[in-house]
Amino acid sequence: MDKRFEPRSYEQTWQSRWSEMGIFRVEVPSDKPSFCIMIPPPNVTGKLHVGHALQSTVQDLLTRWRRMQGYNALWLPGTDHAGIATQLMVERQLAGEGINRRDLGREKFIERTWEWKRQYHGSIRRQLDLLGASCDWSRERFTLDADLNRAVRESFVRLYREGLITRGEYLVNWSPALGTAVSDLEVESKTVQGKLYHIAYPVEGSGPDGETIVVATTRPETMLGDTAVAFHPDDERYRHLHGKAALLPLVGRRLPFVADPLVDKEFGTGLVKITPFHDPFDFELARRHGLPGISVIDREGKMSAEAGADFAGLDRFAARTKVVDRLRSEGSLVKVEDHVHNVGHSQRSGEPIEPLVSTQWFCDVSGMAAQALEVVRDGRLKLLPESWDKTWEHWLSNIRPWCISRQLWWGHQIPAWYLDDGEDRRCFVAHSVEDAAREAGVEPGRLTQDPDVLDTWFSSALWPFSTLGWPDDTPDLRAFYPTDFLVTAYDILFFWVARMVMSGLHFMGDVPFRTVHLTGLVRDAEGVKMSKTKGNVLDPEELVNEYGADALRFTLASLDSPGRDIPLNTDQIAGYRAFGNKIWNATRFALSRVGEAQVQKTLDPAGLAAPERWILSRLSGVAHEVGERLETFRFDEACSRLYHFFWGDFCDWYIELSKPALFSGESGDAPRPRVAEVLLTVLDRSLRLLHPVMPFLTEELWQRLPGHEAIHPTTICLAPYPQVEPAWSAPEIEAGMDALMAVVTRVRALRTEMGLAPKAKLDLHLAAQDAGVGRLLAEQETLIRFLTRVEQIAWGPAPEGARRDVVAGVEVGVVSVESGVSGGAQEMSADERRRLDKELEKLDTEIARSEERLSNEQFLSKAPAQVVETGRAKLAEMKERRASLRASLGA
RNA sequence: AGGCCCGUAGCUCAGUUGGUUAGAGCGCUACGUUGACAUCGUAGAGGUCAGCGGUUCGAAUCCGCUCGGGCCUACCA
């Protein structure tokens, strides 16, 4: 076995072998219980980031764990067509060739995008392979696959027939840069430093020097589309204007005054100019009062013809300057103030959103939202951490219709066809053009399909069942829906999770998954969000190359604490790579020392010595704890237990404890049967316990364990996941061994404290209060001598002048052999004396505090008996320790 | 404006339904190559658990307020 630990030497070898063995492929139907996770499909042309690595780690960990437990465990992979993102990429590529998509035409453009997809889509699989993902690639899906398109059409048609999808003209969030409408979720509100312009509007019929009113606005260019001025009905200042009208400066349009309680009396002057077609508030208000609207800004963000000849064609921001200049020269600009406010920006392209009126498809999700609220309330769907419940509640309770059409080319084209009959334009929603034609009673050729595509999230919302064959009733769907678990970052809770829940409930009548594990966002070592512009992005592929996939996986799983963002620093990954090295070398040691011994499928602890019984008991305990943590999705804690068990218990102690027995001729007086078998068996189970987190390393090492075939003939991936072994549990042995280890540690510390060289000769005196512990220690005298490297051990109280202490109920006395009679008071250095004094002082205060508590009637009567008892025992021990330390000082 | 989360060792974070000497990793100090591992070992230093008040026999943990940081939602022009 190579002394060097080099993950790259075996990681991808195993990934391809597993793939060849086909062990991640799932057969249906099956006698085994089902377990299923759907991958949150990454963008098909994207590169996986560390967040993906985190989610993949968690998904793979769970899938591998369930698979080892005997589940028919499916992790279904796939990718998302990511409408806007992908289209932008291809458009950027085209721009490099000096053309735009319209030059190419829709059909050619889509063809080109498919080509792009085919080229990049393989890299997603390659990256998941690098991470050790155990997906069933035979079931891979892409959101634009034909069968997924069928699911999209089916759901669209159904929702349309149920009256939940409608087409209409509304004010929508328009992204001029993208040239499409976007949903509310795709609008990011940013705080910007702007200006508040106060503009005087003359009141109609009050003459040249007559009354003017002042309105305040942040967007003066929209005044060109004003159709009214509003005030609050209770506002005394403006009541007299009721029934009158203002005249729009620059334009001269007559603007009736309307009174509406939506208006805030306190803001600005209490008067609001109403631009129905370019502001959501104004749109709503205009609707209530039957006011007309005027579109003065077009889809490119330029002023339209209706803005007037002076402004038409100007960019909306240039128009703002020009309007302000005009108003100033006309004397209508009263004042300009600095004003901090929130402006909606297009999430994808960054420019300010332009609210404008257009005809779009909308989905009324209010009914589905109510159901989605219900399943979280009644626990059918669990959000983890639970703190998301409130956010869920708030968002779904205030949900508005979802604008699902996009003016893009890359995506699911809306299954609606139009028939132009002169004036009459009729719309037919159907599964296919043929169906639509049949319905319309015309030849298909006479129909034109709606050019728009659906919001990408519309197809993603169907992912948990469209991937399993819906709308058909397939064996996969029956076996795996509802799926068990969803892991995703919280930033797409509404974009995706909520919509899957709504559509799952609507179409499948059940939740799409039972548990949603919301991870934090991965940040850099300083806690700053990773972004390309900041240059602090860590690439999982590079991390795998440098540290190995197992180390990265262990790091990410360890950092996944509920409700927190994840600061990732490479020191930590390096630390877990060192853990891999530790496992590697522990195995190397075991293999070099076990002779003919074999891994045991099960082991009867009867007749084993204390160290063996101890490590088996600990192993059983840790298997229990890890299982419990995995059941509750506490991967961080599961990892922590595994780490400390393997490094702390197994390497630091058990391997050391095994040495005297394994080195021939040094087994001493106490019999230590079957040490090699225990060592191998513990190693086997440890590797199996670790396998879901560190699949590569554990497989590589496990394959080398003699006798592993008895556990599983081919791979650790299918070996059973270790469970509690009640027969191994030995609390009294654990207590005894804890005392042994505490004694050893204390002796080593005393050596340092006494300023003795590591090789200085010592005699040790041990006296245990508990007879059982005393017996165990005596039985393990050889071990204790080996670990403490003392000359001899005397059983009984320490002699006068010994340096002594009490740990775990055992008095430890140390006498330096070389310095003569003792290592006691006479030879004690000033430093050591000072340390002891300080220690005694601390003990005194603690004893005092403890005594006070234990004499408190309230405490004695109200605290549980167990707590009082522990308190008493601790007090007794502290007192003994004090006596012992005092004796050391010769006091 | 409402809501959520966070503030624990130099750094990054754990800390389960309150239980009395608050843990880990990294970093730091001293010593150490004894035949798995220097990607290591042994021992150690380091914390008024942001602050104040309350509930309780007992608070890092529960409640209130203050300060500091982050995030989400919202039609204040």
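Given the structure is predicted, the values throughout are model-derived calculations rather than measurements. Each chain gets a letter, A, B and so on, in the order the sequences are listed, and its residues count up from 1.
A distance of about 10 Å separates the P atoms of B:rA9 and B:rG47, rounded to the whole Å. Across the C1' atoms, B:rU48 and B:rG41 are found 35 Å apart, a figure rounded to whole Å. Taking atom C1' in both B:rU20 and B:rG2, the straight-line distance is 40 Å, to the nearest Å. Separating the C1' atom of B:rC62 from that of B:rU21 is a span of 23 Å, rounded to the nearest Å. Here, B:rG46 and B:rG10 have their P atoms 11 Å apart, quoted to the whole Å. On the P atoms, B:rU16 is 28 Å away from B:rC72, given to the nearest whole Å. A gap of 16 Å separates the P atoms of B:rU56 and B:rG18, to the nearest Å. For the C1' atom pair drawn from B:rU34 and B:rU17, the interatomic distance equals 48 Å after rounding to whole Å.
With rounding to whole Å, A:Arg748 atom CZ is found 12 Å from B:rU34 atom C1'. Between A:Phe579 atom CZ and B:rC40 atom P there is a gap of 12 Å when expressed in whole angstrom units. Atom-to-atom, CD1 of A:Ile573 to P of B:rC13 comes out at 15 Å; the value is rounded to the nearest Å. When rounded to the nearest whole Å, the span between CH2 of A:Trp653 and C1' of B:rU42 equals 10 Å. Atom CZ in A:Arg593 sits roughly 10 Å away from atom P in B:rC37 (whole-Å rounding). Protein atom CG of A:Leu559 is 9 Å distant from nucleotide atom P of B:rC13, rounded to whole Å. What separates CD of A:Glu637 from P of B:rA24 is a distance of 16 Å, to the nearest Å. Atom NZ in A:Lys3 sits about 12 Å away from atom C1' in B:rU39, given to the nearest Å.
Comment: A:Lys195 does not engage A:Glu337 in a salt bridge, judged by the lack of any side-chain N to carboxylate O separation of less than 4.0 angstrom.
Non-hydrogen atoms lying under 4.0 Å from RNA chain B are contributed by A:Asn581, A:Lys582, A:Asn585, A:Ala586, A:Arg588, A:Phe589, all within residues 580-590 of chain A. In the region residues 839-855 of chain A, proximity to RNA chain B at under 4.0 angstrom, judged on heavy atoms, holds for A:Glu846, A:Arg849, A:Arg853.
Contacts of A:Lys390 with the nucleic acid, taken as non-hydrogen atoms under 4.0 Å apart, involve only primed sugar atoms and P, OP1 or OP2. Across all strands, A:Pro385 comes closer than 4.0 Å to no nucleic acid atom at all (heavy-atom distances). Across all strands shown, A:Glu656 has heavy atoms under 4.0 Å from base atoms, whether or not it also approaches the sugar-phosphate. A:Arg751 comes within 4.0 angstrom of no nucleic acid atom, judged by non-hydrogen atoms across all strands. A:Trp392 comes within 4.0 angstrom of no nucleic acid atom, judged by non-hydrogen atoms across all strands. Counting non-hydrogen atoms under 4.0 angstrom, A:Ala749 reaches the backbone sugars and phosphates but no base.
Residues A:Asp560 and A:Thr519 have side chains that never bring a donor and an acceptor to within less than 3.5 angstrom of each other. Defined by atom type and a distance below 3.5 Å, a donor-acceptor pair is present between the side-chain atoms of A:Ser183 and A:Glu186. Using a 3.5 Å distance cut-off with no hydrogens or angles, the side chains of A:His289 and A:Asp260 do pair a donor with an acceptor. At a cut-off of 3.5 Å, with distance as the only test, a side-chain donor of A:Arg588 or A:Asn585 sits close to an acceptor on the other residue.
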Q.
If you apply the rule ring-ring contact (aromatic ring centres under 6.0 Å, His included), what do you find for A:Phe283 with A:His278, and how did you get there?
A. CA-CA 7 Å; A:Phe283 186 79; A:His278 296 288; over 10 Å; no
**Q.** Verdict with supporting geometry, A:Glu791 and A:Arg785, salt bridge (charged side-chain N to carboxylate O under 4.0 Å, His left out)
**A.** CA-CA 7 Å; A:Glu791 292 299 296; A:Arg785 280 202 297 120; over 6 Å; no
Q: Please test A:Phe579 against A:His644 for ring-ring contact (aromatic ring centres under 6.0 Å, His included), starting from the C-alpha separation and ending with a verdict.
A: CA-CA 10 Å; A:Phe579 181 49; A:His644 290 109; 9.1 Å; no
Q: Quick one: the dot-bracket string of RNA chain B, using Watson-Crick and G-U wobble pairs with both distances under 3.5 Å, [ ] for crossing pairs and | for bases paired to another strand.
A: (((((((..((((.....[...)))).(((((.......))))).....(((((..]....))))))))))))....
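In the interface, the side chain of A:Gln572 is not paired with the base of B:rA24 through any donor and acceptor atom under 3.5 Å apart.
Of the candidate nucleotides B:rU42, B:rC4, B:rU34, B:rU42 has the atom lying nearest to any side-chain atom of A:Asp652. Nearest nucleotide to the A:Val867 side chain, out of B:rA36, B:rU20, B:rG3: B:rU20.
Between A:Arg577 and B:rC37, a side-chain N or O to OP1/OP2 separation shorter than 4.0 Å is absent.
Only one option out of A:Glu841, A:Glu753, A:Arg803 pairs with A:Leu836 in a side chain to side chain contact (heavy atoms under 4.5 Å, CB included); it is A:Arg803.
Between atom CG of residue A:Leu840 and atom CZ of residue A:Arg882 there is a gap of 8.5 Å, rounded to the nearest 0.5 Å.
Dense packing is recorded around CD of A:Glu631, with more than 12 heavy atoms of other residues, nucleotides or ligands lying under 6.0 Å away.
With a 6.0 Å cutoff to the six-membered ring centre and a 45° limit on the axis angle, A:Lys659 counts as a cation-pi contact of A:Phe589.
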Q: Report, as a single string ordered 5' to 3', how protein heavy atoms within less than 4.0 Å touch nucleotides 72-77 of chain B: B base, S sugar-phosphate only, - not at all.
A: -SBBBB
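A distance-only check finds a donor-acceptor pair linking the side chain of A:Thr870 to the backbone of A:Gln866 [under 3.5 Å].
Along RNA chain B, the nucleotide nearest to A:Lys838 and the one nearest to A:Ser558 differ in position, and the one closer to the 5' end is contacted by A:Ser558. Taking the nucleotide of RNA chain B with the nearest heavy atom to each of A:Lys874 and A:Arg629, the more 5' of the two is matched to A:Arg629.
Contact of the A:Leu701 side chain with the A:Met1 side chain is registered, since non-hydrogen atoms from C-beta on lie closer than 4.5 Å.
Not counting sequence neighbours, the partners of A:Ser558 by the side chain to side chain contact (heavy atoms under 4.5 Å, CB included) test are A:Phe554, A:Tyr576, A:Cys639. Residues forming a ring pair (Phe, Tyr, Trp, His ring centres under 6.0 Å) with A:Trp702 (at least two apart in sequence, or on another chain): A:His708.
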